[in-house]
Enquirer: 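Supplied in C-alpha cells, the structure appears directly below.
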Number of protein chains: 2
Amino acid sequence: MNTLAEENYLKAIYHLTENDGNASTNQIASSLNTKASSVTDMLKKLADKALINYTPYQGVNLTPSGEKIALGIIRKHRLWEYFLVEKLNFKWDQVHDLAEEMEHISSEELIDRLDQFMGYPTHDPHGDPIPDCNGRFNTHELKPISAVTINQCGVISGVRNHSSSFLQYLDKQQLTIGCKIMITDIIEYDHSVVVQTGNKEVQISREVANNLLIAL
Amino acid sequence: MNTLAEENYLKAIYHLTENDGNASTNQIASSLNTKASSVTDMLKKLADKALINYTPYQGVNLTPSGEKIALGIIRKHRLWEYFLVEKLNFKWDQVHDLAEEMEHISSEELIDRLDQFMGYPTHDPHGDPIPDCNGRFNTHELKPISAVTINQCGVISGVRNHSSSFLQYLDKQQLTIGCKIMITDIIEYDHSVVVQTGNKEVQISREVANNLLIAL
DNA sequence: TAAAAAATTTAGACTAATCTAAAAAAATAA
DNA sequence: TTATTTTTTTAGATTAGTCTAAATTTTTTA
C-alpha cells in the first residue's frame, strides 16, 4: 500500500494533468501547500515506484498504475461526499475536508459495499462524476457559464471551485446542481452574466461564471 | 489534535487499565506490537501533554483528559463497527480491522450524525457498549461462561476476544450475541463446558468459555 | 539479603516527510 | 545571444516514530 502523502501527491498530479499534459513541480507544491524541494523528493520516490513519469525539470504525469491509484482515491472521495450529504444530511459546502480524510481508508470492499448501499450514484454533491469500481466514468461535456452566449438554456451541473464560501454563495443565489437556467444578458463592461433561474433573475460576476458549469 | 500513534497508545492504555490499576510498559508494547523502548519514548510525550500519569518504572494510567480522548476513539470504533454490520452487511468477524482505521477520522460532528443516522445504538456487533457523545455508557455486569455454575441460564452478550477465528467458530456453533443458553454440564477433567443452545447441545473448551460473556 | 532474572529506560541510529538555503538549469527579455 | 529572472534540484537539517543494544532499576528467588 501507499502512504497518505503518496496518495495525496498522486491525486494532485491527476487533477493537474486532467486536461493538460504535465504537472510542474511548482504547481504540485502550491496545490499541496508544500515547498518545491519537498515535491522533488517525493517525485523521485513515486518515479522509483513507477507511479509517475518523471524527467528532471520537465514535470510529471501519471503512469497507468499511478492513474489507477489516483482514480481509486477520487472514487472514495466522491462516494464519501455523497454519503455525507445524502445519508448524514451534511450540506454540500461542509463535506470536502471530511472526505479528504475519509478517502484514505484503504479497504476496496468497504467502498464497493458503500457504493451498493447508496445505489451506485454517478455524481457527487458537486456534480463531479464518480468513477466505478474499474475507474471508469462518463465525462459529459460541461461548459463554464462564462463560455455561453446570450439566450442559451442549460442545467447547472458542476462547479470548478469547491470552497465553502463559493458553495454558500451559490446556495444563497439558488444556483445549485440541477437548476435550469437561461443566460439573459452579458455585461460588456465587466463580463458579468445575468441569469434567469426559476422565477427570478440574478447577476453573477465573471469570476463566478467561470466556476459554474452547465450542461446545454 | 493528536497523532494516530498517540491515539492508539491512549486506547491501548484505556483497555489495559479498564479493570486493574496501571498498565506496564511491556503490556503496552505487546498490545501495540512494538518494542518497550518505543513505548517509553511515547509515554514521556503523553505525560508531557498531561494525558497520562507516568512515573518511570511504575507503569501508567490515563488522566481525565486522556480518558476522554480514549473514550472518543472507542465510541468511533464501535459506531463504525455497527455501521459496517448493520448498513453494509459485513459479518461481525470482518469489521475489527476496518474500524481500527475508521476510528481515527477526526470529526466529532460526523460521528454524532452517524450515531443519529443509526438510531443511537447502545452496543456494537460484539456486544461492547457504545459510549454516548459525553463518553458515558452502561456497564452491565457480564460474566465469562467459565465462571457460571451448572443449570444457570443466561443470554450471550459479549466476547473477550475479537479475533475473526474466534468469532467464526462462535458462528459455526451458533453461539452469537443474543442467544439464550443454559450451562448443563462442566467437565471436571479439562473444565470444558456443555451448553444448551436452542434445540442442541454443544461442548466448548475452557478457553472458549473464558472468552464468551453472558448476562444472567 | 545477595544474586539472578525480568522489566524498563537510555543512547544512538534509521526512515519518511518535511524545511531552508544554495546551486544549477531553463525560460525570458533586453 | 548574453544577462536576468524563474523554476527546479541538491545539500544538509529537523521532527515523529520506530528500532537495537547497553545500562539501569525492580522483582524474584534461593
Side-chain angles (χ1 to χ4, degrees), chain A residues 1-17 20-62 66 69-70 73 100-101 103-106, chain B residues 1-17 20-62 66 69-70 73 100-101 103-106:
Chain A
M1 248 303 100
N2 306 286
T3 66
L4 193 146
E6 286 169 354
E7 292 192 350
N8 284 332
Y9 274 85
L10 292 175
K11 189 174 59 139
I13 295 166
Y14 179 90
H15 286 308
L16 288 169
T17 55
D20 335 71
N22 270 21
S24 76
T25 301
N26 269 357
Q27 284 176 319
I28 297 167
S30 102
S31 89
L32 292 173
N33 282 305
T34 184
K35 295 297 149 79
S37 57
S38 310
V39 173
T40 302
D41 284 349
M42 182 59 94
L43 295 184
K44 287 180 194 158
K45 197 166 133 192
L46 294 173
D48 284 348
K49 288 186 161 197
L51 300 174
I52 60 171
N53 301 116
Y54 170 51
T55 320
Y57 298 101
Q58 302 309 133
V60 297
N61 55 59
L62 297 175
I69 294 170
I73 299 161
E100 204 80 348
E101 213 176 332
E103 73 193 6
H104 300 289
I105 295 165
S106 55
Chain B
M1 247 302 100
N2 307 287
T3 65
L4 193 145
E6 286 169 354
E7 291 192 350
N8 284 333
Y9 273 86
L10 292 175
K11 189 174 60 140
I13 295 166
Y14 179 91
H15 286 308
L16 289 168
T17 56
D20 335 72
N22 269 21
S24 76
T25 301
N26 268 357
Q27 285 177 319
I28 298 168
S30 103
S31 90
L32 292 174
N33 282 305
T34 183
K35 295 297 149 77
S37 56
S38 310
V39 174
T40 302
D41 284 349
M42 183 58 95
L43 295 184
K44 286 180 196 159
K45 196 165 133 193
L46 294 173
D48 284 348
K49 287 187 162 195
L51 299 175
I52 60 171
N53 300 117
Y54 171 51
T55 321
Y57 298 102
Q58 302 308 133
V60 295
N61 56 58
L62 298 175
I69 294 169
I73 298 162
E100 205 80 350
E101 212 176 334
E103 73 193 7
H104 300 290
I105 295 165
S106 54

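All values derive from a computational prediction rather than experimental measurement. Chain identifiers are assigned alphabetically (A, B, ...) following the order of the sequence lines, protein sequences preceding nucleic acid strands; residue numbering begins at 1 within each chain.
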Enquirer: Tell me the interatomic distance from A/N8, atom CG, to C/dT18, atom C1', rounded to whole angstroms.
Expert: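 So the CG-C1' distance, A/N8 to C/dT18, works out to 14 Å.
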Enquirer: Reckon B/A36 touches a base, only the sugar-phosphate, or nothing at all at heavy-atom distances under 4.0 Å?
Expert: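 Base: the residue B/A36, judged by heavy atoms under 4.0 Å, touches a nucleobase.
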Enquirer: What parts of residues 49-56 of chain B reach DNA chain D, counting only heavy atoms under 4.0 Å away?
Expert: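 Correct list: empty, so none.
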Enquirer: Rounded to whole Å, please give me the gap between NZ in B/K35 and P in C/dG12.
Expert: 21 Å
Enquirer: Specify the separation, in whole Å, of atom CD1 of A/I28 and atom P of C/dT18.
Expert: 13 Å
Enquirer: Any strand counts, and the cut-off is 3.5 Å on both contacts for Watson-Crick or G-U wobble. Which nucleotide pairs with C/dA2?
Expert: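 C/dA2 is paired with D/dT29.
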Enquirer: Taking for each residue the nucleotide of DNA chain C with the nearest heavy atom, is it A/D41 or A/Y57 whose nucleotide lies nearer the 5' end?
Expert: A/D41
Enquirer: With a non-hydrogen cut-off below 4.0 angstrom, is A/S38 in contact with a base, only sugar-phosphate, or nothing?
Expert: base
Enquirer: Say whether, by atom type as modelled, one donor and one acceptor occur between the side chain of B/E101 and the main chain of A/S106 under 3.5 angstrom.
Expert: yes
Enquirer: Less than 4.5 Å apart, side chain to side chain, heavy atoms only: is that true for B/I69 and B/L62?
Expert: no
Enquirer: OP1 or OP2 of D/dT6 versus the side-chain N and O atoms of A/N26: is any pair under 4.0 Å?
Expert: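 For A/N26, the contact criterion (side-chain N or O under 4.0 Å from OP1 or OP2 of D/dT6) is not met.
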Enquirer: Less than 4.5 Å apart, any side-chain heavy atom of A/K49 and any of A/N2?
Expert: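 Yes - at least one pair of side-chain heavy atoms lies under 4.5 Å apart.
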Enquirer: Can you find a donor-acceptor N/O pair under 3.5 angstrom joining the side chain of B/S37 to the base of D/dT20?
Expert: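 Indeed there is one.
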